[in-house]
Visitor: 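First, the structure itself, so that you have it in front of you.
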Amino acid sequence: MLDLRFIRNHPEVVRDALEKRGVDFDLDQLLSWDEKRRKLLTQVEQLKHSRNTLSEEVGKLKAAKQDASEIIQKVKQISGQIKEFERELDELERKVKEALLLIPNIPHSSVPVGPDESANEVVRVVGEPPEFSFQPRPHWEIGEDLDILDFVRGAKIAGSRFTVLKGWGAQLERALINFMLDLHTREHGYTEIFPPFLVNRETMVGTGQLPKFEDDMFLCSREDLFLIPTAEVPVTNLYREEILPGDVLPIYHVAYSACFRAEAGAAGRDTRGLIRQHQFNKVELVKFTRPEDSYEELEKLTNDAEEVLRRLGLAYRVVVLSTGDLGFSAAKTYDLEVWFPSANCYREVSSCSNFEDFQARRANIRFRPQPGAKPQFVHTLNGSGLAIGRTLAAILENYQQEDGSVVIPPVLRPYLHGLEKIPPS
RNA sequence: GGAGAGAUGGCUGAGUCUGGUUGAAAGCGCUCGACUCGAAAUCGAGUAGGCGGGUUAGAAGCCUGCCUCGGGGGUUCGAAUCCCCCUCUCUCCGCCA
């Protein structure tokens, strides 16, 4: 959510941002509602002021045992008027609030301008894609042959885009989770959180999933609870409606969670393999920082996520998203894309974003810079560190051998009882 | 799920029965000042948030109004206080990993 006062004072900046994102939004409508609202508010406040002072007089007269019926009549009339105006005011406020929740964040000045992902820019390429003396196979074939991935039974018990991990597959998934959590907690200074996987509506609004993207979410309608699409949602909302003391910042949190996505708009895309699932595991990094530090923190966070890929020995590149590809709440995003030999291309395994105060304003997360100072909104950031399923798929493909076996990256072996290779079945 | 108790400022906690300068006593904490070589102790002052209006190029600051005592609605000239609904917390019972 943007600051309404900022929109009022700098409509041209907001208009420019909307255009760069390719978003159609009626800003003039919002501004005229806001102007009407403020005029009405002033009137209502004046009426309330006279009501308050007159009521006080009634109290004084009654205490002095004098007649107050004349004033009481007058105030009754004023109250009626207030009620009438307030109905109108509520309607305007509702409209303004709803509109405000639908305006995306303003892209940072360093973000490349462009209509879609074709305008994204590669920031750096790290590592060499492996050479194969044979035709590398896609991970779903490797996994099924090794009897560690079961797509057929996943579809049977839950539906398409659900997969069963088995044997070394299940253990490799668990190893990846533990490896990432250990790395970020022990070496990068993050505090681990294990959050609820179901959250309420206010929480989903806080991070920006609602109201705009409800169709992409799984909803437990009986309780009106949503399955989280990422741990970003519960973890960012940990401090919703709070004023944090300035000295606790920056806060670094890392959380493992299962993630649930309806993938409503993705019918027919990535139907094979682990790339696009309704349920997947992810280790997520979340930061709360002072405004002046957030862009430096974004670089550090991105580097923390990259470290996972470097240690796993996977070739990857870092891409900065253009204005047309940027997510609704983000001001700047780096995607980490890992090499997939079978597809001969890079695919996203992490998305690291700075939301500035966009989520903090929605969720009302503030801090007091100094004891006694006025509260300010924090900046929030997050990034996958990393998506587990896609990482597992990348390992299967990049470490596959001609005989169908898969070598385990050395850093993971301690998590797999020293296993060096998943043997062919 | 059943029965009961409760939710007040950064925290503890009065006020609710008996509606009226109580946006809220007191204590703690915090900030600033005095004392001190410095600290502790002591003393003094200050210390909730939000939304408007004025001043300003704007911000800060200052002046001013409105709202908020878990959330929403109602009664009343006037609600922390009375009534209704919701949420959460605690205690007891039931159930359960």
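In what follows, chains carry the letters A, B, and so on, assigned in the order in which the sequence lines appear, proteins first and then strands, with residues in each chain numbered from 1.
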Visitor: To the nearest Å, how far apart are A:Glu86 CD and B:G74 C1'?
Guide: 14 Å
Visitor: Tell me what A:Arg201 touches on the nucleic acid: a base, only sugar-phosphate, or nothing, going by heavy atoms under 4.0 Å.
Guide: nothing
Visitor: Which nucleotide, B:G52, B:C77, B:C67, lies nearest any side-chain atom of A:Arg37?
Guide: B:G52
Visitor: Picking from B:G20, B:C51, B:G49, which would you name as closest to the side chain of A:Pro375?
Guide: B:G49
Visitor: Let me know the distance between CG of A:Leu4 and P of B:G50, rounded to the nearest Å.
Guide: 15 Å
Visitor: Flag the pair A:Glu356 / A:Pro291 as yes when at least one side-chain heavy-atom distance between them is below 4.5 Å, and no otherwise.
Guide: no
Visitor: Any base atoms under 4.0 Å from A:Ser79, or only sugar-phosphate, or nothing? Heavy atoms, all strands.
Guide: sugar-phosphate
Visitor: Between B:G4 and B:C96, how many Å separate the two P atoms, rounded to a whole number?
Guide: 24 Å
Visitor: Using heavy-atom distances to pick each residue's nearest nucleotide on RNA chain B, tell me which of A:Thr42 and A:Gln46 is more 5'.
Guide: A:Thr42
Visitor: Once you apply a heavy-atom cut-off of 4.0 Å, does A:Lys97 come out as touching a base, just sugar-phosphate, or nothing?
Guide: nothing
Visitor: Write down the distance between CZ (A:Arg87) and P (B:G73), rounded to a whole number of angstrom.
Guide: 13 Å
Visitor: B:G13 and B:C32: how far apart are their C1' atoms, nearest whole angstrom?
Guide: 26 Å
Visitor: With both distances under 3.5 Å as the test, what is the Watson-Crick or G-U wobble partner of B:C66?
Guide: B:G50
Visitor: Considering only B:G49, B:C66, B:C77, which nucleotide approaches the side chain of A:Lys62 most closely?
Guide: B:C77
Visitor: Under the side chain to side chain donor-acceptor pair (under 3.5 Å) test against A:Asp335, which residue among A:Ser350, A:Ser351, A:Ser353 passes?
Guide: A:Ser351
Visitor: Provide, to the nearest angstrom, the distance between the NZ atom belonging to A:Lys83 and the P atom belonging to B:G73.
Guide: 11 Å
Visitor: Among B:G61, B:C77, B:G52, which nucleotide sits nearest the side chain of A:Arg38?
Guide: B:G52
Visitor: Considering only B:C77, B:C67, B:G49, which nucleotide approaches the side chain of A:Asn52 most closely?
Guide: B:C67
Visitor: In whole angstrom, give me the gap between the C1' atoms of B:G10 and B:G46.
Guide: 15 Å
Visitor: Looking at A:Arg51, I'd like to know whether one of its side-chain N or O atoms comes within less than 4.0 Å of OP1 or OP2 on B:C67.
Guide: yes
Visitor: Given the C1' atoms of B:U8 and B:C88, what is the spacing between them in whole Å?
Guide: 16 Å
Visitor: With both distances under 3.5 Å as the test, what is the Watson-Crick or G-U wobble partner of B:C32?
Guide: B:G44
Visitor: Sticking with atom P, work out how far B:A60 lies from B:C35, rounded to a whole angstrom.
Guide: 35 Å
Visitor: Among B:G52, B:G20, B:G49, which nucleotide has an atom closest to any side-chain atom of A:Leu41?
Guide: B:G52
Visitor: At what distance, to the nearest 0.5 angstrom, does CG of A:Asn354 lie from OG1 of A:Thr289?
Guide: 6.5 Å
Visitor: Considering only heavy atoms from C-beta outward, does the side chain of A:Asp34 approach that of A:Arg8 to under 4.5 Å?
Guide: yes
Visitor: Considering only B:G49, B:C77, B:G65, which nucleotide approaches the side chain of A:Val58 most closely?
Guide: B:C77
Visitor: Tell me whether the side-chain N/O atoms of A:Arg366 come closer than 4.0 Å to OP1 or OP2 in B:G50.
Guide: yes
Visitor: Could you measure the distance from the CG atom of A:Asp28 to the CZ atom of A:Arg15? Nearest 0.5 Å is fine.
Guide: 4.5 Å
Visitor: Rounded to whole angstrom units, what separation is found between the CZ atom of A:Arg361 and the P atom of B:G49?
Guide: 17 Å
Visitor: Within the structure provided, determine whether A:Met217 and A:Pro229 are in side-chain contact (heavy-atom separation under 4.5 Å).
Guide: yes
Visitor: Using purine N1 to pyrimidine N3 plus N6-O4 or O6-N4 for Watson-Crick, or N1-O2 and O6-N3 for G-U wobble, each under 3.5 Å, what pairs with B:U22?
Guide: none
Visitor: Can you see if the side chain of A:Arg368 gets near the phosphate of B:G49 - specifically, an N or O under 4.0 Å from OP1 or OP2?
Guide: yes
Visitor: Is any side-chain heavy atom of A:Tyr334 closer than 4.5 Å to a side-chain heavy atom of A:Val123?
Guide: yes
Visitor: What integer number of Å spans the P atoms of B:G65 and B:C77?
Guide: 25 Å
Visitor: Round to a whole Å and report the spacing from NZ of A:Lys36 to C1' of B:C51.
Guide: 20 Å
Visitor: Figure out the NZ/C1' separation between A:Lys60 and B:G19, and round it to whole Å.
Guide: 18 Å
Visitor: Write down the distance between CD1 (A:Ile82) and C1' (B:C77), rounded to a whole number of angstrom.
Guide: 11 Å
Visitor: For B:U89 versus B:C83, give the span between their C1' atoms, rounded off to a whole number of Å.
Guide: 23 Å
Visitor: Using the closest heavy atom to pick a nucleotide of RNA chain B for each, name whichever of A:Glu56 or A:Asn9 lands nearer the 5' end.
Guide: A:Glu56
Visitor: In the structure shown, which nucleotide is the Watson-Crick or G-U wobble counterpart of B:C82, with both distances under 3.5 Å?
Guide: B:G74
Visitor: Using atom P in both nucleotides, what's the gap between B:U16 and B:G70 to the nearest angstrom?
Guide: 15 Å
Visitor: Whom does B:U87 pair with, Watson-Crick or G-U wobble, provided both distances fall under 3.5 Å?
Guide: B:A7
Visitor: Any strand is fair game: report the nucleotide pairing with B:G1 by Watson-Crick or G-U wobble, both distances under 3.5 Å, or none.
Guide: B:C93
Visitor: Over 60° means perpendicular and under 30° means parallel, so classify the ring planes of A:His184 and A:His188, tilted if in between.
Guide: tilted
Visitor: Tell me, do A:Pro211 and A:Glu214 make a side-chain contact under 4.5 Å, heavy atoms counted?
Guide: no
Visitor: Which nucleotide in the list B:C77, B:G49, B:C67 gets nearest to the side chain of A:Ile243?
Guide: B:G49
Visitor: Could you please name the partner base of B:G58, counting Watson-Crick and G-U wobble pairs only when both distances are under 3.5 Å?
Guide: none
Visitor: If you only use heavy atoms from C-beta on, which nucleotide in B:G52, B:G65, B:G49 is closest to the side chain of A:His49?
Guide: B:G65
Visitor: Classify A:Ile71 by what it touches in the nucleic acid, base, sugar-phosphate, or nothing, heavy-atom distance under 4.0 Å.
Guide: nothing
